[in-house]
Amino acid sequence: MTFVVNLLLGLLFGIGLVVSGMSNPAKVLNFLDLTGTWDPSLAFVMIGAVLVAFLGYRVVLKRDRPLLANAFRLPTAKDVDARLLAGAAIFGVGWGLGGFCPGPALTALGLAAPGALVFLPAMFAGLWAARMLTLARSPLKEA
């Protein structure tokens, strides 16, 4: 049951990305091109997403637990450290160069967009490298 619900929610998310134009990297790149072909429509998509998330969290977190899980698993880390800033910078540079972030890239892959075929292997390589770096720095490794 959980798999089916997750699949349907993923499809809904993907449809939202396609309808909003987020799966088109040119839309994102035009948003970032402030002195050229600037397209502000992405800002409206972001504002809408933030409003939906804000209201959704308010409604959902009134429950004792999620509908299909035993407990909520929300991030607890609140520190802004060098690791977080470096990751955000790498994410931003990748987003600015390719016009994709992970969700839209997976959606664009379903649409057979050629840029996604380049972006996704690079993204997975970056995820793997970050994982290896984290494991190499883990204090458990020293024990």
Side-chain angles (χ1 to χ4, degrees), residues 1-61 65-143:
M1 177 70 173
T2 302
F3 174 78
V4 172
V5 171
N6 287 338
L7 180 65
L8 291 174
L9 292 174
L11 287 172
L12 180 63
F13 179 64
I15 290 169
L17 291 172
V18 171
V19 169
S20 67
M22 293 288 295
S23 59
N24 179 1
K27 187 101 171 156
V28 174
L29 294 175
N30 284 334
F31 174 74
L32 298 173
D33 187 4
L34 296 175
T35 59
T37 57
W38 188 60
D39 176 4
S41 62
L42 182 58
F44 295 110
V45 172
M46 289 180 184
I47 291 168
V50 168
L51 284 174
V52 168
F54 177 80
L55 295 173
Y57 269 93
R58 295 295 174 276
V59 170
V60 168
L61 292 179
R65 64 180 191 87
L67 289 175
L68 300 174
N70 293 329
F72 289 106
R73 287 185 277 172
L74 300 172
T76 57
K78 295 183 178 180
D79 297 334
V80 176
D81 57 10
R83 230 176 106 197
L84 175 65
L85 294 174
I90 292 169
F91 178 90
V93 169
W95 193 51
L97 289 174
F100 283 119
C101 61
L106 289 170
T107 302
L109 183 65
L111 300 173
L117 297 174
V118 175
F119 179 85
L120 284 170
M123 181 185 81
F124 286 117
L127 289 170
W128 178 81
R131 177 82 175 141
M132 292 299 109
L133 183 63
T134 301
L135 287 175
R137 299 174 123 204
S138 172
L140 294 177
K141 185 179 178 190
E142 295 172 5

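- With contacts defined as side-chain heavy-atom distances shorter than 4.5 Å, the pair Arg131/Leu135 qualifies.
- Within 6.0 Å of the CE atom in Met1, the count of heavy atoms belonging to other residues, nucleotides or ligands does not exceed 12.
- Note that CZ of Phe31 is 12.5 Å distant from OG1 of Thr37, once rounded to the nearest 0.5 Å.
- Judged purely by atom type and a 3.5 angstrom limit, Trp38 has no side-chain atom pairing as donor or acceptor with the backbone of Asp33.
- The list of salt bridge (charged side-chain N to carboxylate O under 4.0 Å, His left out) pairs with a residue in residues 98-111, not counting sequence neighbours, is empty.
- How far CE of Met22 is from CZ of Phe100: 10.5 Å, rounded to the nearest 0.5 Å.
- Heavy atoms only, all atoms of each residue included: Ser23 and Ala108 are closest at O-CB, 3.7 Å.
- Nearest heavy-atom pair, Ala105 versus Phe119, reported as atom, atom and distance to 0.1 Å: CB-CD2, 3.3 Å.
- Applying the side chain to side chain contact (heavy atoms under 4.5 Å, CB included) test between Thr107 and each of Ile15, Val18, Leu11 identifies Val18 as the sole match.
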Just distance, no hydrogens or angles: give the donor-acceptor pairs under 3.5 Å from side chains in residues 40-55, sequence neighbours left out.
{"from": "Ser41", "atom 1": "OG", "to": "Lys27", "atom 2": "NZ", "distance (Å)": "2.9"}
{"from": "Ser41", "atom 1": "OG", "to": "Asp39", "atom 2": "OD1", "distance (Å)": "2.9"}
{"from": "Ser41", "atom 1": "OG", "to": "Asp39", "atom 2": "OD2", "distance (Å)": "3.2"}

Under 3.5 Å, which donor-acceptor pairs do the side chains of residues 68-96 form with other protein atoms, sequence neighbours left out?
{"from": "Asp81", "atom 1": "OD1", "to": "Arg83", "atom 2": "N", "distance (Å)": "3.4"}
{"from": "Asp81", "atom 1": "OD1", "to": "Leu84", "atom 2": "N", "distance (Å)": "2.9"}

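- When all heavy atoms are compared, the tightest approach of Leu109 to Leu117 is CD1-CD2, 3.4 Å.
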Q | Phe13 and Leu9: CA distance, side-chain angles, deciding distance, side chain to side chain contact (heavy atoms under 4.5 Å, CB included) verdict | A | CA-CA 6 Å; Phe13 179 64; Leu9 292 174; over 6 Å; no

